[in-house]
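Below is one structure; the comments refer to it alone.
Naming: A, B, ... by sequence-line order, numbering from 1 per chain. Everything numeric in this text was worked out from a predicted model, so none of it was measured.
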Amino acid sequence: MKICSTIAWRCGALALLALSGTALAADARLAGIWLPDASRSQRMPPSPPYTAEGRRIVENWRATHDPIEDDPGAFCQAPGMPSLALGGADYPVEIIVQAEQITILMELHQQNRRIHMNLEEHPERAFPQRNGHSIGEWEGDTLVVDTRAIRAITFGAVPHSDQVQVTERWNVIDDGEALVNEIAVVDPVMYAEPIVLRQYYTRAAAGTRMLEYECTEGMWEDHERERARRQREAGEEQ
Amino acid sequence: MTARAIFAACSILIGGAVVAHHSPVNFNLDIDDFAVTGTIASVSFRNPHSVIELQVPSSAGDTTVWYVEFSSVNLLLRRGWDMDRIEAGDTVTCIGNPGRDGMPEMYMWTIRLDDGTEFGR
């Protein structure tokens, strides 16, 4: 009996060790700097399956906002999740892996996401923010991330309500040289059915470094020009 | 007064206020070889988009200031642009998408320097 018990304990320990080893290996492969690969990635469909309410919200936005004068990008508005998960044009993404938290740093708009690996549930009351609250777990080599408490945003690639829930499944592929994130967006207010899209990345070349991205410097520079012009004109009038 | 009207009013004044960051819908993306040659009045490598004010002489003898918008400074750095070689007073040719409404503005993808050097995507 004692022998059987010892064998069972050792087998269990070996199984845990094997699982742990798998996760660590996946951890190590996930870490680093990645570049969005537009050639493989899926985009939001041109005619998303809006609910009647979703269509009304989007059409109201279009009817009340001029695409040039009211472009959120001109005001450095980052749409946050889940638009953010669909890549950031040609801007790199850095993934930092720690036991209790995986941190995703997006160069575009200097956005960051914190994937809590030590939580099993979201906070009972989480104030909605652009990137929401994310918890993650490993399923074998797949990092599964659940994100909720996302602020409603009507612009960006994926207009959404604050009821949106996003499930991501991150996998390192192609012998460690590529990364795929399968993103499932469920939003009963905006979409009649889940939207599932795959976003691909390639590992950045050695020596690639992340840069800062201070978006508002252009707005401030234009403000300063305008201020100087007003002062010049006021001086000429005196 | 709309931002575009401000730009129009200032386009006759070198160094006047310019509009920051146009949406892509403002440019004709079907044409990507539109070219304008002139002298740089000012240049700002910045985010979200960089800007050149380009003095372009007309056949009538006056000068129009073109608003030339182009990529963020981050992307220019990654594409190997040498910012030290693009300065006020330089004669350059800006190549890219023209504006949609005939205003003196464009989105630049490639810049050709006076010595023939090009920086692009």
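A salt bridge between B:Arg46 and A:Asp222 is present, with a side-chain N of the basic residue lying under 4.0 Å from a carboxylate O of the acidic one.
No option in A:Arg225, A:Glu221, A:Glu217 other than A:Glu221 meets the side chain to side chain donor-acceptor pair (under 3.5 Å) test with B:Ser44.
Heavy atoms from other residues, nucleotides or ligands lying under 6.0 Å from CD of A:Glu224 number more than 12. In A:Asp175, the CG atom is not crowded: 12 or fewer heavy atoms of neighbouring residues, nucleotides or ligands sit closer than 6.0 Å.
Using non-hydrogen atoms only and a strict 4.5 Å limit, no part of residues 81-96 of chain B faces chain A.
In this structure, CE in A:Met219 is found 11.0 Å from CG in B:Asn47, a value given to the nearest 0.5 Å. The structure places CZ of B:Arg78 at 4.5 Å from CG of A:Leu211, a figure rounded to the nearest 0.5 Å. A distance of 11.5 Å separates CG in A:Asp90 from CG in B:Asn74, rounded to the nearest 0.5 Å.
Heavy atoms closer than 4.5 Å to chain B are found in the side chain of A:Cys76, but not in its backbone. Of the atoms belonging to A:Glu107, it is side-chain heavy atoms, and not backbone ones, that fall under 4.5 Å from chain B. Interface remark: A:Arg209 contributes backbone atoms only to the contact with chain B (heavy atom separation under 4.5 Å). For chain A, the nearby part of B:Arg79 is the side chain; its heavy atoms alone come within less than 4.5 Å.
Considering only heavy atoms from C-beta on, B:Leu75 comes within 4.5 Å of A:Tyr91 through its side chain.
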